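I have placed the structure first, in the form of structure tokens, so that the comments after it can refer back to it.
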Amino acid sequence: MDDSDRVRLSKLMSYALRHAPDEFGLNLDAAGWVALDDLIDAIRPRLGWIDRAAVLQVVRLSDKQRFAHDATSDRIRANQGHSLDVELNHRVAQPPAQLFHGTVDRFLTAIRREGLRAMERHAVHLSSDETTAERVARRRGKPVILTIDAERMAADGFEFRMTPNGVWLVDSVPPDYLTESA
Ligand code: HQG
């Protein structure tokens, strides 16, 4: 499996496990888990060469730990990014004083007015370093980095969760907690 095969498989797995299990005939449980063998059978019509080893390799090599499997590799789920209603049970945690979010110019008017919203996802995704925020933003254009006063948000009662790969999640960020870097 070369890099481009792995990316194709990873994108199909993300799509099936985060957004469209129905389209693949899959039933996720309440926490987003599905049998690994069922996932393989569901993707095979679109990717004939898929097998257990390939899926496990995608899980292992994902730069962002997008997926997790259980100890016996019987079940798999996406770690974050769902548009479906799943209960991921990520740990509530005390965030660092500042967190970062990378976005682009064309969203700024709306963000200044209404703050950061989860949009198609379950939560707003934040990172603890500017480099990651910049990489996220670059998917869409020239990065604009927003600094979030996470310390004050936490003090004001906002609940932060951390995913296994260190992405910070929060329901929303009101404009008052945001600063745009020059
Ligand atoms: C913007 C990828 C208008 C927000 C990445 C962003 C990340 C608003 C876009 C992960 C807004 C949502 C998450 C508002 C926020 N008005 N636009 N009020 N509030 N936005 O993709 O943070 O490859 O859902 O700035 O690497 O870009 O999927 O979120 O531009 O870690 O694993 O609306 O997705 O990871 O976009 O990216 P997204 P994101 P994966």
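These numbers come from a predicted model, not from an experiment. Whatever order the structure lists them in is the order used to number ligands and atoms, beginning at 1.
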Mark up the atoms of ligand 1 that fall under 4.0 Å of a heavy atom belonging to L116, in ascending order.
15 (C), 19 (N)

Measuring from the heavy atoms of V167, does anything fall under 4.0 Å of ligand 1?
no

For ligand 1, which atoms have a heavy atom of T103 less than 4.0 angstrom away?
4 (C), 25 (O), 30 (O)

Run down the list R135, R112, R121 and name the one with the heavy atom closest to atom 21 (O) of ligand 1.
R121

Flag, side chain of R46 to backbone of I43, donor-acceptor distance under 3.5 Å
no

Give the single entry among K11, H122, R18 that approaches atom 32 (O) of ligand 1 most closely by any heavy atom.
R18

Examine R140 against ligand 1 and note whether any of their N/O atoms are separated by less than 3.5 Å.
yes

Closer than 3.5 angstrom, by distance alone: can the side chain of S14 be matched with the main-chain N or O of S10 as a donor-acceptor pair?
yes

Is there a side-chain contact between L126 and L116 in this structure, where contact means two heavy atoms from C-beta onward sitting under 4.5 Å apart?
yes

Taking non-hydrogen atoms only, is H101 closer than 4.0 angstrom to ligand 1 via side chain, backbone, both or neither?
side chain

Backbone or side chain, does any N or O of Q80 fall under 3.5 Å from an N or O of ligand 1?
no

For E114, counting its heavy atoms only, list the atoms of ligand 1 lying under 4.0 Å from any of them.
14 (C), 16 (N), 18 (N)

Using a 4.0 Å heavy-atom cut-off, say whether R117 meets ligand 1 through its side chain, its backbone, both or neither.
both

Taking distance alone, with N or O pairs closer than 3.5 Å, would you say G115 contacts ligand 1?
yes

Indicate whether the side chain of S127 and that of D129 have a donor and an acceptor atom separated by less than 3.5 Å.
no

Tell me the nearest of M119, R138, Q65, R139 to atom 33 (O) of ligand 1, using heavy-atom distances.
M119

Anything under 30° is parallel, anything over 60° is perpendicular, the rest tilted; go ahead and classify H122 against H82.
tilted

Provide, to 0.1 Å, the distance between atom 23 (O) of ligand 1 and the closest protein heavy atom, together with that atom's residue and name.
R66 NH2, 3.1 Å

Applying a strict under-4.5 Å side-chain criterion to I, L, V, M, F, W and Y, I'd like to know whether F158 and L169 cluster together.
no

Please could you name the atoms of ligand 1 that A110 approaches to less than 4.0 Å, counting only its heavy atoms?
3 (C), 16 (N)

Where do L47 and L12 land on the side chain to side chain contact (heavy atoms under 4.5 Å, CB included) test, with the steps shown first?
CA-CA 9 Å; L47 221 54; L12 279 167; 3.8 Å; yes

In this structure, atom 1 (C) of ligand 1 is nearest to the protein heavy atom F107 CD1, 3.7 Å

Cluster question for you: counting only ILVMFWY and a side-chain heavy-atom cut-off of under 4.5 Å, with indirect links fine, are W33 and F24 together?
no

Are V173 and F160 linked, directly or through other ILVMFWY residues, by side chains that come within less than 4.5 angstrom of each other?
yes

Mind checking whether L9 and V34 sit in one hydrophobic cluster, side chains of I, L, V, M, F, W, Y counted as touching below 4.5 Å?
yes

Who's closest to atom 5 (C) of ligand 1 heavy-atom-wise, of R113, H125, K64?
K64

